[in-house]
Amino acid sequence: NQITCTYSYLVFRSFAFITMRFATTFFLSAMLAAASGFGLTSTPTRHSFSTALSDKAADAAAHGETIVSDANKWRAIKNMDEETAKAELDEEMLAAYTAFHASVNEDIAKMKEIAKLIQKQIEIPQVKPKSKNQRKRDAWVRAQHQAANPDTVSR
């Protein structure tokens, strides 16, 4: 009887919760609808485009072309070997080439150090299992210890 009473109470509580949730949702949506009935409507605006934008678009297109050409040059330069770069590049591009490769080599060295640290944590050294004779020696030592100290407890 206690279980039935508790169950019916829980059913009533969940039904009451659902009813209150529905009523709250309905009330809030009704308030929103009433408030939006008094809102202002937007007026249509007229869009006009100036010719100044077309000049900016042409400048942006020209700038984009220079960026693409510079990217293609750099793509070819960064894959050169060091001797070819020293022979073919001017001072500014050679400085950029050496700075790029120095940073890449530095990053590679850092990653190698990190890999060594991680490898130490991943590869835990394994302890060899004890041999049969070592287990016998350990048992003899325990027996000698127990014989010498009868009041202490050992494994």
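The CZ atom of Arg137 lies 5.5 Å from the OG atom of Ser131; values are rounded to the nearest 0.5 Å. The CD atom of Glu65 sits 12.0 Å away from the CG atom of Asp70 when rounded to the nearest 0.5 Å. One finds the NZ atom of Lys78 at 5.0 Å from the CZ atom of Phe100 (value rounded to the nearest 0.5 Å). Atom CG of Asp107 is separated from atom CD1 of Ile114 by 9.5 Å, given to the nearest 0.5 angstrom. Atoms CG and OG1, from Leu94 and Thr98 in turn, are 5.5 Å apart once rounded to the nearest 0.5 Å.
Residue Glu82 places its CD atom among 12 or fewer non-hydrogen atoms of other residues, nucleotides or ligands, all under 6.0 Å distant. Crowding of Glu92 atom CD: a count of heavy atoms from other residues, nucleotides or ligands under 6.0 Å not exceeding 12.
The shortest side-chain heavy-atom distance between Ile108 and Lys112 falls under the 4.5 Å cut-off. Put simply, the side chain of Ile122 does not reach to within 4.5 Å of the side chain of Gln119, judged on heavy atoms.
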Exercise. Take Glu113 and Lys116 through the side-chain contact (heavy atoms from CB on, under 4.5 Å) test and state the conclusion after the steps.
Key: CA-CA 5 Å; Glu113 291 176 13; Lys116 287 178 184 176; 5.8 Å; no
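Counted by atom type alone, Asp81 and Thr84 present one or more donor-acceptor pairs between their side chains at under 3.5 Å. Side-chain polar atoms of Asn105 and His101 form no donor-acceptor pair below 3.5 angstrom.
In the hydrophobic cluster analysis, where Ile, Leu, Val, Met, Phe, Trp and Tyr join through side-chain heavy atoms closer than 4.5 angstrom, Met111 is grouped together with Ile118.
Proximity of a side-chain donor or acceptor of Tyr97 to a complementary backbone N or O of Met80 within less than 3.5 Å is detected.
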